[in-house]
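Note sheet for the following structure.
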Amino acid sequence: MQVVIVESPAKAKTINKYLGPDYEVIASYGHVRDLPSKDGSVDPEADFRMLWEIDPKAQKRLNEIAQAVKKADGLILATDPDREGEAISWHVLEILRDKKALKDQKVERVVFNAITKQAVLEAMKAPRAVDLALVDAYLARRALDYLVGFTLSPVLWRKLPGARSAGRVQSVALRLVCDREREIETFVAREYWSILAQLSTPRGDAFDARLSGADGKKITRLSVGSGEEAAAFRAALNAADFRVASVEAKPMRRHPQPPFTTSTLQQEASRKLGLAPARTMQLAQRLYEGVDVGGETVGLITYMRTDGVDMAPEAVAATRSAIGSQFGDRYLPGAPRKYTTKAKNAQEAHEAIRPTDPTRTPASVARTIDAEQLKLYELIWTRTIASQMESAELERTTADIRATVSGRELELTATGTVVKFDGFLKLYREGRDDEDEDEESRRLPAMSAGEALAKRDIVTTQHFTEPPPRYSEASLVKRMEELGIGRPSTYAAVLAVLRDREYVKLEKKRLVAEDKGRLVTAFLQSFFTRYVEYDFTADLEEKLDQISADEIDWKQVLRDFWRDFALAVEATKDLRVSQVLDALDEMLTAHIFPPSTDGSNPRACPTCGTGRLSLKMGKFGAFIGCSNYPECRYTRPLSGDAAAEGDGVRRLGADPETGLEVTLRDGRFGAYLQLGEAENGEKPKRSSLPKGLAPADVDLERALALLSLPRAIGAHPEDGQPILAGIGRFGPYIQHGKVYANIEKDDDILAIGLNRAVVLLAEKQAKGGRGGAVAGRTIGDHPSGGAITVRAGRFGPYVNHGKTNATLPKSQDPEGLTLEQAIALIDAKAATAPAKKPARGAKAAKADGDAEAPAKKTAAKKAPAKAKTGAAKPAATKSAATKSATAKPAAAKTKKAAGKAG
């Protein structure tokens with residue numbers, strides 16, 4: 001019996017059918033261990049020793065694998081054919097050796113590019129050893145990402161409150177987005193005019209020609225810069241005689257694009273299908289792992305993480321055969337096409353992404369896969385087939401026209417393109433990020449040199465130059481690939497991290513840098529310039545490629561990097577906040593102080609009139625404040641708001657029912673709405689904003705609707721009881737009796753209807769959900785002081801007073817809970833709780849959710865010492881390392897976000 005290890009259960013199930021009863025295929029479920037989220041997991045002082053921690057979820061599976069291997073004759077590692085796959089095989093092998101599961105069993109490594117019976121069986125005939133050079137490249141990459149994340153992120157927390165993390169690749173990708181934003185902000189539009197003559201031939205065929213020269217000088221797009229110039233040319237052309245000077249027709253050939261790489265697939269799926277890169281990879285993974293086709297489970301596409309653009313000879317032959325049978329010999333070139341990659345750091349020696357069987361058309365699999373998978377498969381299939389089709393043949397015609405008036409000669413040009421033979425265009429046209437006018441849609445009428453032309457009209461049009469467009473997810477991936485930043489398996493993850501950290505947001509399919517992202521990038525460019533340079537990151541990628549080719553030592557790369565990086569971190573140790581603010585204020589001037597429309601000084605304080613506005617730093621992040629503080633308390637967010645006044649409060653208007661003022665305010669946990677002000681010790685009504693609703697999009701009408709929550713949606717059809725919709729501590733929810741269900745991100749809390757609400761409640765009940773309390777509802781004060789609130793918890797509703805939480809009995813309706821009942825529950829719980837000694841040297845986390853603050857402070861204190869010595873101190877013993885990993889869950893949680901970055 002041979003044990004075969006793969007990553008996923010779907011892959012295991014399929015391959016098990018191919019191999020038969022002499023093999024047992026077991027899934028590892030991806031990576032089985034990683035670096036613990038704590039200091040010292042990579043120790044520069046111990047020659048970059050790496051301490052690995054097994055994922056608790058993988059422990060049971062690894063035990064099962066070990067038991068199976070002990071009884072087996074051999075072990076075959078069949079994980080994916082890239083660095084990550086090689087790393088998983090190495091990790092599994094190391095763990096099995098630690099568990100003493102391997103004795104005399106033969107260990108082999110096999111790779112296949114497609115999950116088909118032929119590919120798998122052929123791979124089994126060509127085993128090899130684990131490629132340690134690929135493993136070294138993985139170890140170097142993982143160590144670099146860890147060192148940057150766990151060293152740089154605490155510096156950000158200490159010097160730039162509100163920042164969450166930095167990463168080796170993440171920060172450079174963020175810089176791309178921020179640099180583009182700065183280009184847009186500093187762009188100065190330039191006026192220009194186009195001059196178009198609408199002409200016709202002696203046969204009455206109309207066409208357009210553009211002014212291209214005058215008085216022997218060439219006229220380019222920006223040459224005519226004012227309306228006066230345009231009017232003068234128009235007057236001259238209106239009085240001119242037009243004649244064809246020459247007509248030239250040139251044949252052209254347009255060649256097909258190569259099959260997809262990971263990058264080009266993500267770009268084209270974004271353009272044509274509107275899919276985010278992460279979603280594209282999810283769908284591609286399913287197509288790769290296989291579906292049931294004709295009673296057999298087969299993979300529909302080859303491996304989807306690749307830089308390669310070539311295809312195996314047998315795949316090329318099958319593709320050409322499919323072209324001949326479906327389109328005819330005219331569409332089949334005389335020889336197969338051979339492609340080579342143009343990517344700066346192409347690193348995977350794999351095939352392009354292609355169908356495993358080119359004769360398997362999208363129509364033939366339409367019933368076996370879902371709609372999204374079908375669209376992606378069709379995109380991959382058409383691109384692959386088109387890549388081996390004949391080139392398109394076109395004819396480009398250029399007509400030069402002379403206009404003469406009063407001895408003056410003006411030149412005009414008309415162009416048109418005609419498709420003589422469509423070739424690959426019959427099947428596929430590549431999308432563009434910024435569509436230009438399609439010249440193929442323009443065709444010039446027949447004309448010959450010397451012919452007189454009739455003037456129909458002269459049209460002058462004013463234009464203004466536009467700034468470069470913001471990156472789409474597709475164009476950012478393309479730019480990262482061009483610069484050699486990242487690798488195929490990281491593009492989607494990097495984009496997801498930038499959005500999760502709220503460094504960028506997606507608006508109209510374009511990436512917009514958030515204030516938080518702008519601050520982080522400005523800080524890194526000011527004080528860690530080298531590490532966010534495009535060339536530096538690309539050079540590091542090249543070194544990782546050299547490691548994978550076994551050309552350089554991976555630890556030497558780490559030593560060279562850490563020597564300079566540790567010094568850069570050390571240099572920030574004594575950096576004062578005022579220095580940081582001055583640097584950021586200068587770098588972000590165009591963003592935070594854009595020119596005023598009335599020409600006034602954008603830095604003048606609108607409240608006191610004498611103060612100067614500048615960037616300030618508070619406990620919860622950056623803001624704009626007045627130099628006359630504390631006499632003048634004017635503040636506003638970084639991006640500014642004309643309706644914001646003294647304390648950053650934006651006034652939306654008055655509630656028509658109560659006459660109270662409705663305001664939008666910046667709170668500790670984000671923007672919120674408030675009705676009126678506090679009176680007689682009573683708090684005013686407030687409402688947080690639903691996730692996804694930007695403060696700038698909130699008007700009085702929407703604010704009043706949110707403040708009126710919870711609202712009645714309607715009566716439940718089963719019992720007639722009302723269904724309510726509201727916003728609680730954990731976001732928008734709907735409630736029916738004791739059942740509470742969170743609404744999904746695509747649902748609008750103000751518009752969700754009865755049918756949708758009933759479905760969500762039914763789904764909640766089907767999962768066994770009991771619901772919870774109205775989030776954070778204050779019942780009253782405890783006799784000993786402090787508010788008692790009823791809240792929604794993971795295991796049901798509970799009441800909270802200070803540090804005491806008491807679960808509500810199942811028979812108790814949280815809506816009907818009285819203050820007396822709550823006090824009784826709290827007192828009973830407090831009486832049974834054992835006395836606890838306070839943690840020495842640490843303050844208790846506040847009940848309002850500031851649990852991560854101690855972790856950040858601890859990490860920040862450690863960072864300078866680490867930088868000063870140039871390395872983290874090695875863990876004394878394994879038990880000490882384990883204790884460190886479990887002693888401070890808050891710190892581990894906070895640092896994990898940093899360590900995974902990049």
Side-chain angles (χ1 to χ4, degrees), residues 151-166 171-172 174-175 177-186 501 503 513-533 564-565 567-596 600-641 644 646-648 666 856-857 860-861 863-864 867-868:
T151 308
L152 201 51
S153 293
V155 176
L156 284 176
W157 298 336
R158 191 170 66 251
K159 305 295 183 182
L160 199 65
R164 295 186 62 182
S165 70
S171 298
V172 182
L174 177 59
R175 182 191 166 184
V177 178
C178 293
D179 281 355
R180 178 57 53 87
E181 206 70 34
R182 187 160 55 247
E183 287 181 67
I184 294 170
E185 290 167 350
T186 58
R501 298 282 187 271
Y503 287 162
E514 297 269 32
D515 285 343
K516 192 184 297 184
R518 299 291 298 271
L519 284 167
V520 169
T521 298
F523 178 83
L524 294 177
Q525 284 185 272
S526 298
F527 304 104
F528 291 90
T529 307
R530 183 186 182 197
Y531 301 97
V532 288
E533 286 179 348
D564 297 332
F565 184 65
L567 291 174
V569 173
E570 172 66 13
T572 66
K573 180 180 178 182
D574 298 324
L575 193 64
R576 297 190 303 274
V577 173
S578 60
Q579 293 175 278
V580 174
L581 290 176
D582 290 344
L584 301 191
D585 188 281
E586 180 180 355
M587 183 168 283
L588 295 174
T589 294
H591 174 57
I592 56 182
F593 299 111
S596 302
S600 61
N601 181 7
R603 286 183 178 267
C605 178
T607 298
C608 68
T610 60
R612 182 180 185 274
L613 301 182
S614 62
L615 186 67
K616 306 289 184 183
M617 198 69 70
K619 184 177 181 182
F620 307 111
F623 63 95
I624 304 302
C626 180
S627 59
N628 286 337
Y629 177 86
E631 288 77 14
C632 178
R633 293 181 173 271
Y634 175 86
T635 62
R636 68 164 172 82
L638 261 63
S639 52
D641 192 328
D647 51 1
D666 285 320
K856 291 185 178 181
K857 290 178 182 177
K861 289 177 181 177
K868 185 174 182 179

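Not measured: the values here are computed from a predicted model.
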Distance from [X] atom [atom1] to [Y] atom [atom2], nearest 0.5 Å?
X	Y	atom1	atom2	answer
E514	R501	CD	CZ	14.5 Å
K616	R636	NZ	CZ	13.0 Å
M617	L584	CE	CG	6.0 Å
I592	L615	CD1	CG	5.0 Å
L575	E570	CG	CD	12.0 Å

N/O donor-acceptor pairs under 3.5 Å from side chains in residues 522-531, not counting sequence neighbours:
| from | atom 1 | to | atom 2 | distance (Å) |
| --- | --- | --- | --- | --- |
| S526 | OG | A522 | O | 2.8 |
| T529 | OG1 | Q525 | O | 2.6 |
| R530 | NH1 | D564 | OD2 | 3.1 |
| Y531 | OH | D564 | O | 3.4 |
| Y531 | OH | F565 | N | 3.1 |

So which heavy atom on [X] is nearest to which on [Y], and how close?
X	Y	answer
T186	A590	CG2-CB, 3.9 Å
S153	A166	OG-N, 3.1 Å
C605	C608	SG-N, 3.6 Å

> Among all residues two or more places apart in sequence or in another chain, which pass the salt bridge (Lys or Arg N to Asp or Glu O under 4.0 Å) test with D582?
Replying inline: none
Can you list everything that forms a side-chain contact (heavy atoms from CB on, under 4.5 Å) with [X]? Sequence neighbours excluded, please.
X	result
S578	R576
E183	R180, P468
S627	R612

So do [Y] and [X] actually touch side chain to side chain, heavy atoms under 4.5 Å?
X	Y	value
L613	C626	yes
T521	V532	no
T635	Y629	no

>> My understanding is that only residues two or more places apart in sequence, or in another chain, count here; which of them pass side-chain hydrogen bond (donor to acceptor under 3.5 Å, both in side chains) with E185?
In response: R518, H591
>> Holding to side-chain hydrogen bond (donor to acceptor under 3.5 Å, both in side chains), I want the full list of residues that pass it with D179, two or more places apart in sequence or in another chain.
In response: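 Only R175, R182, Y534 meet the side-chain hydrogen bond (donor to acceptor under 3.5 Å, both in side chains) criterion with D179.
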> What pairs with F593 under ring pair (Phe, Tyr, Trp, His ring centres under 6.0 Å), at least two apart in sequence or on another chain?
Replying inline: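 In terms of ring pair (Phe, Tyr, Trp, His ring centres under 6.0 Å), with neighbours along the sequence ignored, F593 is linked to no residue.
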> According to the salt bridge (charged side-chain N to carboxylate O under 4.0 Å, His left out) rule, which pairs have a member within residues 584-595, sequence neighbours left out?
Replying inline: D585-R603
